[in-house]
Structures are given as structure tokens and as C-alpha cells.
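Let me begin by presenting the structure, written as C-alpha cells, before commenting on it.
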Amino acid sequence: PDPSSRSQALHTRAKHTLPGGNTRTTVYLSPYPVYAAHGAGCRVHDVDGNELIDCINNFTALVHGHAHPALAAAAHRQIDLGTAFGMPTESEIALAELLAERVPGIEHIRFTNSGTEAVMMALKAARAYTGRPKIAKVEGAYHGSYDHAETSLDASPANWGDASAPASVAHSQGTPQGVTADVVVLPFNDCQATEALLRAHGANLAGVLIDLLPNRVGLIPASAEYLRMLRRVTTELGILLIVDEVITLRLGPGGAQSRLGVTPDLTTVGKIMGGGFPVGGVAGRADVMAVFDPSAGRPAVPHGGTFSANPVSMVSGLAAMQLLDEAAYAQLDRHGDMLRRGLNQAFADAGIAGQATGLGSLVKLHLKAETLTSYRDAYPNPEQARAMARFNREMLNRGVLMASYGLIALSTPMRDQDIAQIIETAHDALNVLRREEVL
Ligand code: PMP
């Protein structure tokens with residue numbers, strides 16, 4: 001704590017009107033968070049005048065960093081024309097066309113204001129389409145705050161249950177029992193156990209919800225074998241396969257589904273496709289998406305949203321997606337590989353057990369060296385979690401902003417020297433951990 005810190009003063013003020021001074025759990029930091037003032041490119045300035053290299057990019061959403069001129073121009077133009085109407089606008093068609101053209105699983109799409117809403121609508125669509133009540137999701141995977149989607153997130157190891165049939169544990173206190181009863185939790189990358197669970201619950205399962213590179217599961221990819229099994233068994237049992245690309249749309253023009261070679265029935269998207277503004281989307285096969293179609297009377301799943309498809313998000317999002325050409329993706333991939341290599345070398349040099357996982361522009365640090373394939377492998381023990389929080393603070397104090405639990409998301413304005421700076425800073429931070437025997 002530093003009495004001259006403006007961030008600290010803001011946090012003290014915030015405590016009078018925001019619970020714990022916070023309105024977004026993800027950005028909470030003890031004893032107080034660093035408040036942002038402004039950003040440009042891959043740099044952000046805090047209210048105390050410190051410059052940080054931004055490696056979290058609003059939790060992966062800002063693939064072009066801050067205040068990109070093309071995105072700002074698109075938003076400014078729209079703001080002058082009006083920001084939201086009780087009418088559709090052409091902007092929603094243009095973004096829908098781009099996504100349908102690029103992503104294999106997207107024929108039709110409906111826009112929402114967040115990834116949480118997108119996942120919620122995908123699960124409701126799956127239930128309406130199949131007439132079945134249950135949802136299956138991967139143990140520990142994050143999909144936003146809808147009751148069913150957050151089940152089993154962050155459960156303490158004492159509540160995990162059997163590894164081959166993980167427990168359905170509510171995330172928020174007060175969650176009705178009916179919710180956990182309607183969620184089947186799948187062990188990630190365990191083909192045999194997952195197939196057995198799908199077959200046991202098949203007649204009641206509307207959909208399988210999966211992020212192909214799940215951040216909270218360790219940012220390790222679903223294996224090709226696991227994906228082949230999921231596609232085969234869901235098709236056979238009439239279960240919809242729902243791929244959550246809210247984060248992974250940044251892995252390539254066709255998202256992770258294209259990169260890892262599986263075509264789902266429904267896809268949820270968000271984050272980067274809002275060009276820095278709130279957005280989400282539920283998308284998929286036209287016959288499934290027809291549950292939302294109001295043209296023949298009340299649809300099976302009514303869906304509104306005062307700000308859904310608002311033209312500011314749509315035009316900025318379109319500009320962001322258009323900038324993501326082959327060269328942009330190639331650079332993000334190259335920088336991601338360079339960073340993972342450099343960070344792994346930094347662990348080796350410091351003599352600290354650790355590794356960097358991820359794909360493309362998504363990178364995650366772990367303070368354990370063994371090969372990670374499942375949620376339970378990747379889950380940090382309390383000592384590793386404490387050490388990661390300390391590592392994060394050492395990075396922050398040296399001008400590198402990442403998620404406190406080790407997630408990094410790169411942006412297109414980054415240059416080779418920025419990646420080198422992140423690696424150099426990690427060297428210094430790891431040396432502190434080693435010197436102070438934090439691990
Ligand atoms: N799905 C995944 C995979 C996510 O990572 C997130 C958010 N980080 C969400 C859904 C929810 O998106 P939002 O925060 O826009 O509600």
C-alpha cells in the first residue's frame with residue numbers, strides 16, 4: 001500500500017458504493033487494483049502515470065490493443081449517426097455475413113451483449129431443439145455466469161468427486177438444486193469416461209458445451225481423439241455439440257473449430273468481434289437456429305436484448321474482424337510461439353518448475369512442469385496459486401499486465417521487441433521467486 005497512490009485513493013472511494021470497491025470480480029486485486037487511465041496500441045497507462053505493456057487486453061477481447069485508429073473511426077462515425085435504435089440496422093447483416101463466411105459451424109447467428117448471454121441462449125436453443133433437459137460441460141471450464149454453464153467451476157478439490165464422473169457442483173451459493181441435477185460434468189480429454197457419461201445420460205442430454213482450448217482447464221487443447229469421439233457420439237445420440245469460441249475466435253479466421261478440425265452444431269462467439277465494445281453471439285446450423293425465428297409466430301425460444309446488435313458494437317466489430325487477415329493471424333501465431341519458447345526458457349534458467357501452454361496468441365503460465373492434459377493435472381495447489389499471484393505482482397511492478405492467474409493474450413500492435421520485453425521481465429520476476437524461495 002502506498003498512500004500517495006491514486007489507484008489506492010480510487011479504491012477507497014469505490015468501497016462506499018461498490019461491494020468491496022469492485023464491480024467485476026475478474027479485475028479485483030488485493031490490497032487494491034491498479035486503475036486504468038488510457039491506452040494506445042499494446043500499452044496502457046494507469047492513473048499514477050505508470051506505463052504497462054498490456055498482455056491481458058481486456059481478458060482477450062482487444063485483439064488490436066487499445067484505441068486502434070480504424071476501430072475508433074468506425075465507432076466515432078456510428079456514434080454521430082446514433083448508437084442504438086428500436087429497429088434493425090444494416091451493420092448486423094454485414095458482421096453476420098463475415099462470420100458465416102469464415103467459421104465452418106456458423107450458418108445463422110443472433111447477436112447478444114456478452115458471451116454469458118450467448119452461452120445461455122445456446123443452451124436454451126439446444127433444450128428447445130431437442131426437447132431434452134440436461135446439459136453436459138467440461139469439468140472446471142468457464143463459460144460465463146449462466147447457472148448451468150458455471151456449474152463445477154472452481155470447485156474445491158474436496159468436492160471434485162470421482163475423476164471419471166466429476167461432481168456437478170454449484171458455483172454460486174443459492175443455485176437451485178434443479179440446476180446441478182441437470183448438468184453432467186465431463187472429464188476433459190478422457191475419451192472413455194466421457195463417452196460412458198454421454199451414453200448413460202444420452203436420452204436426456206440436449207447439448208455438450210465445450211471450449212476447445214479451455215482457459216480455466218489449463219489452456220490445453222482438446223485432443224483430436226477426444227473431439228472425434230465427441231462429434232461421433234453426440235451425432236449418434238442426437239445431442240447438439242456446442243463449441244464456445246468466445247475466447248478462441250482469436251485463434252484463426254475459423255476459430256478453434258477450424259484449427260482443431262471439428263464442426264459443431266452451435267457456436268458461441270464474443271470478445272474480439274465487438275471491436276472493443278460489448279458483444280456476443282449464438283450461432284450455428286440454420287435448422288437449429290430456427291428456434292429463434294419469429295417469422296411464423298412466437299418462436300420456440302424468444303430472444304430480445306435492448307442493446308443486442310447495437311450498431312456501435314457491430315461496426316467496430318466488423319472493422320476489427322476485417323483487420324484480422326492472414327498476415328495478422330500469422331503474426332499473432334509467431335508471437336505466441338516466441339513467447340511460449342521464451343517463457344519456458346525463463347523457467348529453465350531460473351531453475352523453477354513451470355511451463356507455458358496455449359495456442360496462437362493465447363498463453364498461460366503454470367508453476368508445474370509435468371505434462372498437462374486434464375483439469376485436475378493443471379489445477380494449481382494453494383502454494384502454486386500463491387506463487388503465481390506473487391509472480392503476477394512482480395510482473396505488474398515491472399510494467400507487464402497479465403491475469404493474476406497467469407493468462408496472457410497478445411495483440412496485433414505488438415512487435416518482436418515487445419515480446420522480448422515480456423520474456424525479459426518474466427526472467428526478472430522468476431529470479432525474485434527463486435531468491436525469496438517462494439516455491
Ligand atoms: N465463454 C468463455 C469461454 C469465456 O472465456 C467467457 C468470458 N471470459 C465467456 C464465455 C463469457 O463472456 P462475457 O464475459 O462476455 O460474458
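Order of appearance sets the numbers: ligands from 1, and atoms from 1 within every ligand. Side chains included, hydrogens not; waters and symmetry mates left out as well; all remaining heavy atoms used.
Using a 3.5 Å distance cut-off with no hydrogens or angles, the side chains of Tyr405 and Asn215 do pair a donor with an acceptor. For the residue pair Ser361 and Arg250, a side-chain donor N or O sits within less than 3.5 Å of a side-chain acceptor on the partner.
A heavy-atom distance below 4.5 Å is found between the side chains of Glu139 and Arg376.
With sequence neighbours excluded, the residues forming a side-chain contact (heavy atoms from CB on, under 4.5 Å) with Arg259 are Leu251, Asp333, Leu359, listed by chain and number. With sequence neighbours left out, Arg13 forms a salt bridge (charged side-chain N to carboxylate O under 4.0 Å, His left out) with no residue at all.
Residues in residues 169-183 take part in these side-chain hydrogen bond (donor to acceptor under 3.5 Å, both in side chains) pairs, two or more places apart or across chains: Glu150-Ser172.
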Show me the short polar-atom pairs for ligand 1: any N or O of it lying under 3.5 Å from a protein N or O, with distances only.
from, atom 1, to, atom 2, distance (Å)
ligand 1, 1 (N), Asp244, OD1, 3.4
ligand 1, 1 (N), Asp244, OD2, 2.7
ligand 1, 8 (N), Lys271, NZ, 2.7
ligand 1, 12 (O), Gly115, N, 3.4
ligand 1, 12 (O), Thr116, N, 3.4
ligand 1, 15 (O), Gly115, N, 2.8
ligand 1, 16 (O), Gly115, N, 3.3
ligand 1, 16 (O), Thr116, N, 2.8
ligand 1, 16 (O), Thr116, OG1, 2.8

